[in-house]
Every structure is written in structure tokens, then in C-alpha cells.
Amino acid sequence: MKKFIVLPIAVCLVATMLCGTGLAQQKIGFVDPHRIISKSKIGKLAQNDLSKLSKQKDKQIRESAKKINSIQKEISDGDLSPTQLRVKEDELQLLYDKHDELVEKAQIDLLRKEEELVNHIMRITEKHLNKIAKQNGYSMVLTNVQAEIIGYIDPSVDLTDTIIEELDKGQ
Amino acid sequence: MVILMKIRISVIFISILTLFFLSMCIGVSSVYAWGEIRFADRMLNVREGRGAGFEHVKTLQPHDYVKVDFIKDGWCAVFDVNAPTRDEKKAIGYAKAKFLVPAKGGAPIAKVKKSDEWGEIRYADRNLNIREARDRFSEHVRTLYKGDKVKVDFLKGDWIAVFELDEKVRDEKNAIGYSNAKYLRPISGDKSIIISASSTANNEDEAEAQASPTRRIESKSGTSGWGELRVSDKKIALKRARSKNSGRTVIIEPGVAFKTDFLKNGWYAVFKEDESIRNEKRAIGYVSEQILESPEEQILVDEKAPLPMIVEQEKVEDLAKETVPLTEEPTVEEKPITPEPVAKAPLAKQPETKAVSPEPQKKAAAQKPIPAKLKKYSEVEDSLSPKADTLKHGFRYKIVEKTDILDDHVKQLLLRVFLDVEVLPDEEDIKDFATTIWKSERQSGKELLVNIFLPGMNMRGLSYVYARFDNQGMVEFWTRDTVLFGTKFMQ
């Protein structure tokens, strides 16, 4: 009777140990792209570049808004003849449409250029990541997207700071 | 009496409990009785106020769910999905309401959809490039052949992300790459989205979609058991390295057989027909896989001078206007070859059999003096950088590419300009230079985009300067310090 209890338990324990050994040989790392962008030197340069672009776009939008306000003021001053008023109102409507288009395009353009810069940094990051992963025997490196499904990552397998150090060397 | 008292007390107690739970329910439901659950249909900025001029707070990703309320002037206050209190001061920020789509049934439990609930199966209606980014100038990743089926999603503008058919996770990072959506047809045969492409070779879309090869390239079995023997009915100009920007070596005449092998990164090493030793160092040049399969990408040469397969010199009539002296058996290495200065021939001159030293320096001296800070970059450090052939506004430069593009129904002329400088120019100087280029290159009815690259930069990647001009003048000017990081201009 004892045999039937002890034997299966022993088999399970051995199987678990073997599986554990197998899993232990699989080294899995993790990298946080958001932190790379926010903490690395190149990431900060990218943020500065986008900030410059954003200010330019904002300036264009403010200038457009200024034109609109100026025509609105002319209309509201009440000094215009009916014909002039109609002309100004048409002009105002055109400016409104252009302004909406400008705002929308500015947003899309900012997002697109942000994506381009991020992709540029990620391409460089990938080269460093491949090198570090191979040197340290990682068989897999996860990012935030995959990590969301897993739920917990031990800080000891977080390669983000190492990657940032390599990126900051500027090679 | 006592029993009655006890009953009364328990009834009161039960009533109080019931009232308490009822009020809790009302309270709880009131938490969710305000606002509307919506999701972003694109990457969307959340700002501090109701306007694009306000500070950016955060960026919502496509399909991020939020609660919105206080909609006014096309902007709405954005809250966390589980925000309990309807208080505008507690909003995360404000976003444009039209980019937030009402979610039917509230926020989903899980963000990731099942594999069969996302994307669309399409097939390529012709040979088609998949590129690394949503840009025809980005790296070629793979070629889809006519009829190949793929899964597609994340349509943005004309470009769509392409996935393997069996891809289960809806994550743009898992995409193979990107292609022009109009050449990927739905399996259902819906042709409403297909726009007929122009037949001109200069058209961006035609260049992007791989046409069926019209040149006859017959592959014969290799004579020495390696490589592939080919014959072309058009001239093929070989490159020194696996790059479009590397210099040319030889021209292969129509009807002349050659051997190809060592396919890597979309480039073949090319050997003489009778080459018996399979060693890449013995290659006479490189040719792009696309050129072998697409007639539109042939490099044209001077048709007046009939050339044998291997030539001593050549005169090339195209934008480059450079000649490349050759030896009988040039050494081709795996890495891009640094051309020897001695071997360079003068620009736009009849080539001689002997190599001569370059003359551009003397030519530059005859024109207006170049300020010290714009000292000429005389030595070619990187063979991938083009050779500047024009002097304007104190800058030596070369327009490497001119392409007509269409961006959101706006016709644009895109210029890629290589600027030959040794130190980083001032922003104002570059602005003036870009404006000078605009004045000479502008075309009516089109915006002009000037992308300026510096030595050592990847001409196919992001430029250092992005300048946009309309008919009146400069509309936008932006420098990307990011791309200089790691180059000699920013260590």
C-alpha cells in the first residue's frame, strides 16, 4: 500500500526537478521601452526634438487663432456694411475650416514624427539588445506588452538599465 | 408583551439594514451613472485644457478606454474608466471628442482580442514590398508575391501593418512590416478601395509595388555547381557594396551571362560567368534582388557609348554625374568599400584610363570663398555618403533624390539632399540654404519637402533637417538632434 503512495510522489518530485532544471536553463529577460525613451540620452534628445516641433505647431495654431479673433472682432465691432459683413463672415468660415484642419494635421504629424523617432531609437536599441542577450545567454527578452500578460517580473532580469548604459555610450 | 417588543425591534433592525443596502446600491450605481465610456481610435494627445495649445499630459494609445464627460467645443474631459466622482477638476485632461469612439457595452475586460477577432485577411494583387516602416524609403523587409495572403491591421494613411496569417496577438510590434494598403486586396474581392496605379515609372506607388518582371532572366544551372547563371536583356549597373548609395563598379551588357550568389539583405554578389571559385571576395560587384526582378529600377547608362561587360571607365548620365575607374578584377570585400581618393575621376569630365586626383576643390575655390566653419569635407570617410557636386550658398551638396508624393491629397515634391560639411552648421545658415534650394527647385502646385542629411548619416533613414515650403515660403523647419547622436557631430 505504501508503495502505491510513495512511488507516484517520488516520480512527481523527480519530474518537477527535471522540469525545473530545464526551465532554469531558459534565461528570460525583460526590457521596458518606455523607460529607455524617457531615461536614455538619445531618448531625451528625442523628447527635446518633439518639444521643439510641438512648439512650432502650437505657434502656427495660435497665429491661425489670432487671425480668426481679429476677423471676429471686426464683425462684432458693427462698423461693416452688409456686403462687407457677408464677405467677412465667409472669410471667417474659411478660416475656421482651415484652423480645424491645421489642428488635426498638427496632431497627426506630431504623432507620426514621434513614432519615427521612437522607431529610430528602438532600431538602435535592438542592436544593443541582441548583443547583450547573446552575451548573457538570454533565450528570450520580453517587453511591456508581453509582460502585461505575465504580471510579475523579477528586477534581476530587467535589462533596461544595461541597455540604457549601452545606448548612452553613443556607439 | 416582551415577544412583541422583540419582534418590533427585529423588524426595525431588518428595515434599517435593508435601507442601508439599498442606499449602498444607489450610491454604487450613481458612481457609474455619469460620463460615457469611449476608446481612442488612434494615438491621441490628452492636454491640460480644451485646445491644442495646452500642455500635453499623456498620449492615449489606440483602443485605450477612458470615461469622458463635460463635452464642450468639441473637447471632452477625460477620466479613468473607474473614476468614481464626477468632478471636472479630477479629470486626467482633455482630448478631442471626435477621436474618442463610444464603446458599446462599456470597457472590455481584456485588452487583447482573440486571434480570430482582429485584422483582415488580404492578398497581394502584385509583387509587393513589405517595408520596415510606413515609408517607402524605409528598409525593405520582405517581398510578397502576387497572390500571397497575409493578415493586415493598423491602417494609417496609405500604409497598413502586415502580419503572418497565423499571428494570434494583435500587437503592431509583431508585424512583419508595412505595405501600401491599396495593393492588398480583401479576400472577398471588394475592389472599391483599389485605386488604379499610374503607369509612369516616376510614380511613387508604381515604384513601391513590384511590377511583374518584363525582362527575361533565364536562370541556368551553375557551371561549377554553385551560384546561378543569369542573362539579362537590359544593362545592369553593379554596385561596390550591398547598398544603393555605394559607388558603381561594372556595367553588364544585355545578353552577357553572369553568375549570382551570396544573397544577403536583398543583394546578390555578382561574378563572371566562368568564375569557378566560390568566394565573395572575387565578386565583381553587387546587384539588388529587386533590380533583377523589376525592370523599372534599372540604372540607365549612356546609350551612345557601347560598352563591353567590364570597362576601364564609364560615363554615367544621371544625377550622380560621376565616373568610376575600374581595374580588370576589382577586389570586392564584404564590408562597404572605401574608395581610394587616387582612383577618383573628375566630375563631369571625359574619363581617362589612368586615375586622376579629384578636381572639385579647385572648382570650389573659383567660386565665392567658403567660411571656415563650413570647411569642405574632403576625405570620404564613409562610402555610403554620396559625393557633393554642387556649391550653393556656401554649402557643397548633392540632391540625391527627387520624388513626387501625395500626402493627404496634398502634392509634394520630396528632396533628399546630402550636405557635405565637417562641422555642424548653424541653424540659420541651414535655413537659408534650404530656402535657396526651394527657390531653385520649387514647382507650382506642389509643396516642397527638403530633407537634409549630413556625412555619416543613413540616407534612407531620418534626416537631420526637415523643411517644408508652400508657394509662399517656409512653413516648417525642424532639426532632429536625435539622429546626430553617436555621429561625429554629437558624441
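Below, chains carry the letters A, B, ... as their sequence lines are ordered, and counting in each starts from 1. Below, all heavy atoms of this structure are taken into account, side chains as well, without hydrogens, waters or symmetry copies.
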Does Lys52(A) make a cation-pi contact with Phe477(B), if we ask for NZ or CZ under 6.0 Å from the ring centre and within 45° of the axis?
no
Rounded to the nearest 0.5 Å, what separates atom NZ in Lys96(B) from atom CD in Glu104(A)?
7.0 Å
Given heavy-atom pairs under 4.5 angstrom as the criterion, report whether the side chain, backbone, both or neither of Asp407(B) touches chain A.
side chain
If we define contacts as heavy-atom pairs under 4.5 Å, which of Ile121(A), Ile61(A), Ile42(A) has the most with chain B?
Ile42(A)
Using heavy-atom distances under 4.5 Å, tell me whether Gln47(A) contacts chain B through its side chain, its backbone, both, or neither.
neither
May I ask you to name which of Lys57(A), Gln60(A), Lys113(A) has the most heavy-atom pairs under 4.5 Å with chain B?
Lys113(A)
His120(A) versus Arg480(B): any side-chain heavy-atom pair under 4.5 Å?
no
Working to the nearest 0.5 angstrom, can you tell me the gap between His56(B) NE2 and Ser51(A) OG?
11.5 Å
Considering only heavy atoms, which portion of Glu476(B) lies under 4.5 Å from any heavy atom of chain A: side chain, backbone, both, or neither?
both
For the side chain of Trp478(B) and the backbone of Leu50(A), is there at least one donor-acceptor N/O pair under 3.5 Å apart?
no
Leu111(A), part contacting chain B, at a heavy-atom distance under 4.5 Å
side chain
In Å, rounded to the nearest 0.5 Å, how long is the span from CZ of Phe485(B) to CG of Leu167(A)?
7.5 Å
Is there side-chain contact between Glu115(A) and Arg134(B), with at least one heavy-atom pair below 4.5 Å?
yes
Less than 4.5 Å to any heavy atom of chain B: does that hold for the side chain of Lys105(A), its backbone, both, or neither?
side chain
For atom CD of Glu63(A), is the number of surrounding heavy atoms from other residues, nucleotides or ligands below 6.0 Å larger than 12?
yes
Under 4.5 Å from a heavy atom of chain A, the part of Thr59(B) involved:
side chain
NZ (Lys446(B)) with more than 12 external heavy atoms under 6.0 Å
yes
Is chain B contacted by the side chain of Glu116(A), its backbone, both, or neither, given a heavy-atom distance below 4.5 Å?
both
Under 4.5 Å heavy-atom distance to chain A, tell me which part of Glu172(B) shows up: side chain, backbone, both or neither.
side chain
Kindly say whether Leu45(A) contributes a backbone atom to a donor-acceptor pair with the side chain of Asp481(B) at under 3.5 angstrom?
no
Residue Asp49(A) versus chain B: region with a heavy atom under 4.5 Å
both
What residue, out of Asn119(A), Leu117(A), Leu110(A), Leu53(A), has the most heavy-atom pairs lying under 4.5 Å from chain B?
Leu53(A)
